[in-house]
K.L.:
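After the structure tokens below, expect a handful of questions from me.
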Amino acid sequence: MKNDEVMNIAKKRGFLWSSFEIYSGSAGFFDYGPLGAILKNKIMNKWRDYYVVREGFYEIESPTIMPEEALKASGHVDHFTDPMTECKDCLEVFRADHVIKEAAGEEVEGLENEELTDILKDQQICCPRCGGGLSKVWSYNLMFQTVIGAKGKKTGYMRPETAQGIFIPFKRLLRFFRGKLPFGVVQMGKAYRNEISPRQGVIRLREFTQAEAEIFVDPRDKTHPRFAEVADDTLTLYSREKQVEEEGPVKLFAQQAVSEGMISSEILTYQLCLAKRFLDDLGIPDEVIRFRQHLPSEMAHYAIDCWDVEVETDRYGWIEIIGIADRTDFDLKSHSEHSKEDLRVFIEYDEPKTVRKLAVKPDMKKFGPIFKGDSPKIIKALEDVEASHVEKAFADEGSFKIEVEGKDYELSPDLINFEEKEEITRGEKIFPHVIEPSYGIDRIIYSVLLHTYTQEGERTYFKLPADIAPLEVSVFPLVNKESLAKNALHIKDCLRKEGIISEYDSSGTIGRRYARSDEIGVPFAVTVDHDTLNDDTVTIRNRDDSKQVRVPLSDVYSVLGDLVSCKTSFRDVEAEYKKVNS
RNA sequence: GCGGCUGUAGUCUAGUCUGGUUAGGACUUGGGCCUUCCAAGCCUACGACCCGGGUUCAAAUCCCGGCAGCCGCACCA
């Protein structure tokens, strides 16, 4: 299986391995080895290039430990849990709500554990497997809990997603962006989930790396100013309807997906295209990528539309590597309520709106003497009442009754004057909607390794794009002779000084060295041979087709620099320099 | 979390049933020889019984527990 071969090489050559191996390991944790760490950084930097440099979003960094209140507001403390119950006889563990639904047909989602326990007891629901008694219901929360401070009074959790770290300082971010929508903020970093039983290698980790962008937009305008740039991109879309009908996905132009209403908005579609381009840049081929729309049942209740970017694997089937959702205003609203901070944005109208309004104007000369000390309260209460209501009450009943702090007051028409007022509104405060592309970096790295892995007879290599390959250039002496070795070592050092990550290898024969270099996906190899000693030229070998060109030493650093940063292709270099026949 | 199977160098494996010399081999890796372009050959070195306890004169081998992996079930806001 391709998965096994790739993971073997990953382990052997220093990309990835499971953590804590000498203590027999712990499921759900992985180390990035020497090559893996470079690969990861390069992929993350490419992500930055896409989202920070080109999209103009800004990156922030927030703590991985969060106080309980923040995650209470986000809903994670209460809802990032499963209600569990255990059979006292066979010790099998079940989800309590599933057992009840199964046995009683009752929909009990969202009930408290005590209530679920009572239902189990009252209806005498038994273990579905052995018929034994069931324990009381407890919550299994997927967050890692910890304590903050020496006395451990304050509960904290490892963050289950990086997104919350962006919502919480929203007021400051809004000020940074000078109060104007739309704007985007990104965060890359670790997130933690204490999975019950992670058994899918790097696909299901307890500690993993996310790259998330939160794009805050005006809910009434979900167009994208640069949509034209992606309108002709094709997307493989597996819509809700197609899934329900059990048909396959369809290929559409981005433009079509919007006009046919398959994707809910232009801006969401734009994000899908961006994700597609990113994966393409990482060398993941089109055929193994599809966009799958969440079914209403699996979508978080607050989302309008959500698409998973999935990659096909031989080991795990289609796996989600990116989620792109329209989260609406759920998060900001919720943090607003819990923190009592106003997290809305003032949106100015193009034209100020003038509204003619009837206003109530109490006649204070009469009002004061009648109600004395209560007057201010009554007037305050009157401000919240529509003037037309008062007018109508006067017409229908001859007076207007109002209750303030439990006391009833009756106002006669002579106490109130009406006034036509002109009110100018320049805009309104709204909660922005959030478009969220959320990347699982570890899964992406796995996908990149899996899908760039290439086998040609005995030879295997990772067809990594040159700009993400961890080692960029290998330098070899053709044979292990002192004079050639000295030259090769010197070239390796010079390449490093030029910022190119290169390695020297003289072990075994030249063929073996190429093979070792290919296996870890080094895109180019420089070979020092006897001609080098005479005419100061070396050969540059291209990993993907083993073709070589002879290049003067004076050019070699700039040529390799351009190749490694993908500014030129090997084809271009072949056209310019002498090919080597071997 | 439950059940079944498995656990010997970096990798693949012999040995385990039937306890008994220094745990054997191949590939890989390091060093050397050779070698004028794609895993050749020769010499040489490094490297392992998952962990803990028990039985026994003696445990890789038998027993118990743990851990990890695989498969199935469950779980995956």
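In the text below, chain A, chain B and the rest are named by the order of the sequence lines, each starting its count at 1.
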K.L.:
Using purine N1 to pyrimidine N3 plus N6-O4 or O6-N4 for Watson-Crick, or N1-O2 and O6-N3 for G-U wobble, both under 3.5 Å, which nucleotide pairs with B/rG41?
P.N.:
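For B/rG41, the partner nucleotide comes out as B/rC33, under the 3.5 Å rule.
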
K.L.:
In whole angstrom, give me the gap between the C1' atoms of B/rG24 and B/rC49.
P.N.:
13 Å

K.L.:
When we call it a touch if two heavy atoms are under 4.0 Å apart, what does A/Asp531 touch: a base, just sugar-phosphate, or nothing?
P.N.:
nothing

K.L.:
What contact category does A/Leu478 fall into here, base, sugar-phosphate, or nothing, at under 4.0 angstrom with non-hydrogen atoms?
P.N.:
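Result for A/Leu478 = base.
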
K.L.:
Taking atom types as they are modelled, would you say the side chain of A/Arg541 forms a donor-acceptor pair with the base of B/rC38 within the 3.5 Å cutoff?
P.N.:
yes

K.L.:
Rounding to a whole Å, what distance do you find between A/Gln210:CD and B/rA77:P?
P.N.:
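To the nearest whole Å, that distance equals 14 Å.
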
K.L.:
Any side-chain N or O of A/Arg550 less than 4.0 Å from the OP1 or OP2 oxygen of B/rC37?
P.N.:
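So the side chain of A/Arg550 is outside the cut-off, no N or O lying under 4.0 Å from OP1 or OP2 of B/rC37.
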
K.L.:
Can you see if the side chain of A/Thr509 gets near the phosphate of B/rA40 - specifically, an N or O under 4.0 Å from OP1 or OP2?
P.N.:
yes

K.L.:
Please verify the inter-ring angle class for A/Phe570 with A/Phe524; under 30° counts as parallel, over 60° as perpendicular, anything in between as tilted.
P.N.:
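A/Phe570 and A/Phe524: parallel rings.
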
K.L.:
Kindly check if the number of other-residue, nucleotide or ligand heavy atoms within 6.0 Å of NZ (A/Lys2) is above 12?
P.N.:
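Result for NZ/A/Lys2: enclosed.
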
K.L.:
Calculate the interatomic distance between A/Asp518 atom CG and B/rC38 atom C1'; express it in whole Å.
P.N.:
8 Å

K.L.:
Name the residue closer to the 5' end of RNA chain B, choosing between A/Lys11 and A/Lys481 according to the nucleotide with the nearest heavy atom.
P.N.:
A/Lys11

K.L.:
Is the shortest side-chain N/O distance from A/Arg516 to OP1 or OP2 of B/rG30 below 4.0 Å?
P.N.:
yes

K.L.:
Name the nucleic acid region contacted by A/Glu458, choosing base, sugar-phosphate or nothing; use a 4.0 angstrom heavy-atom cut-off, strictly under.
P.N.:
base

K.L.:
Taking donor-acceptor contacts at under 3.5 Å, does the side chain of A/Glu195 reach the base of B/rC75?
P.N.:
no

K.L.:
Could you please name the option among B/rG10, B/rA77, B/rC38 that lies closest to any side-chain atom of A/Gln548?
P.N.:
B/rC38

K.L.:
Does B/rC12 have a Watson-Crick or wobble partner in any strand here, with both distances under 3.5 angstrom, and which is it?
P.N.:
B/rG25

K.L.:
Which whole number of Å gives the distance between the P atom of B/rA60 and that of B/rU16?
P.N.:
14 Å

K.L.:
Select base, sugar-phosphate, or nothing to describe what A/His79 touches, counting heavy atoms under 4.0 Å on all strands.
P.N.:
sugar-phosphate

K.L.:
NA contact type, A/Ser507, heavy-atom cut-off 4.0 Å: base, sugar-phosphate, or nothing?
P.N.:
sugar-phosphate

K.L.:
Take atom P in B/rG25 and the same atom in B/rC46, then report the distance between them in whole Å.
P.N.:
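Comparing P positions in B/rG25 and B/rC46 gives a spacing of 13 Å.
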
K.L.:
Given B/rA40, is OP1 or OP2 found less than 4.0 Å from the side-chain N or O atoms of A/Arg512?
P.N.:
yes

K.L.:
For nucleotides B/rA9 and B/rA77, find the distance between their C1' atoms and express it as a whole number of Å.
P.N.:
44 Å

K.L.:
Would you kindly give the CD-to-C1' distance between A/Gln164 and B/rA77, to the nearest whole Å?
P.N.:
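So the two atoms are 12 Å apart, to the nearest Å.
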
K.L.:
Rounded to whole Å, please give me the gap between CZ in A/Arg543 and P in B/rC37.
P.N.:
24 Å

K.L.:
Assuming nearest nucleotide by heavy-atom distance, tell me which of A/Phe80 and A/Ala27 is located more 5' along RNA chain B.
P.N.:
A/Ala27

K.L.:
When rounded to the nearest Å, what value does the distance between P atoms of B/rC50 and B/rA14 take?
P.N.:
14 Å

K.L.:
Can you measure A/Glu482 atom CD to B/rC34 atom P for me and round it to whole angstrom units?
P.N.:
14 Å

K.L.:
Checking salt bridge (charged side-chain N to carboxylate O under 4.0 Å, His left out) for the pair A/Glu456/A/Arg459: CA distance, chi angles, key distance, verdict?
P.N.:
CA-CA 5 Å; A/Glu456 284 167 10; A/Arg459 188 168 93 103; 3.2 Å; yes

K.L.:
What integer number of Å spans the P atoms of B/rA48 and B/rU8?
P.N.:
14 Å

K.L.:
How many whole angstroms separate atom CZ of A/Arg513 from atom P of B/rA39?
P.N.:
12 Å

K.L.:
Using purine N1 to pyrimidine N3 plus N6-O4 or O6-N4 for Watson-Crick, or N1-O2 and O6-N3 for G-U wobble, both under 3.5 Å, which nucleotide pairs with B/rG20?
P.N.:
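Paired with B/rC57.
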
K.L.:
Report the base-pairing partner of B/rC5 (Watson-Crick or G-U wobble, both distances below 3.5 angstrom), or none.
P.N.:
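Check on B/rC5: paired to B/rG69, both distances under 3.5 Å.
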
K.L.:
Using the P atom as the reference point in each nucleotide, state the distance between B/rC12 and B/rG7 in Å, no decimals.
P.N.:
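These two P atoms come out 13 Å apart once rounded.
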
K.L.:
Work out how far the C1' atom of B/rA74 is from that of B/rA59, and round it to whole angstrom.
P.N.:
38 Å

K.L.:
Is a donor on one side and an acceptor on the other found under 3.5 Å between the side chain of A/Thr527 and the backbone of A/Thr539?
P.N.:
no

K.L.:
For A/Glu503 and A/Arg516, what are the C-alpha separation, side-chain angles and deciding distance, and is it a salt bridge (charged side-chain N to carboxylate O under 4.0 Å, His left out)?
P.N.:
CA-CA 12 Å; A/Glu503 281 294 348; A/Arg516 265 197 294 258; over 6 Å; no

K.L.:
For A/Arg315, answer base if it contacts any base atom (sugar-phosphate contacts may also be present), sugar-phosphate if it contacts only those atoms, and nothing otherwise; contact means non-hydrogen atoms under 4.0 Å.
P.N.:
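A/Arg315: backbone/sugar contact only, no base atoms under 4.0 Å.
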
K.L.:
Is a donor on one side and an acceptor on the other found under 3.5 Å between the side chain of A/Thr209 and the backbone of A/Ile441?
P.N.:
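No.
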
K.L.:
For the pair made of CD in A/Gln200 and C1' in B/rC75, what is the distance, rounded to whole Å?
P.N.:
11 Å

K.L.:
Please give, in whole Å, the distance from B/rU35 P to A/Ile510 CD1?
P.N.:
16 Å

K.L.:
When you measure from the side chain of A/Gln293 to the backbone N and O of A/Arg240, does any donor-acceptor pair fall under 3.5 Å?
P.N.:
yes

K.L.:
According to the interplanar angle, ranging from 0 to 90°, do the rings of A/Phe144 and A/Phe29 count as parallel (below 30°), tilted (30 to 60°) or perpendicular (above 60°)?
P.N.:
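Correct class here is tilted.
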
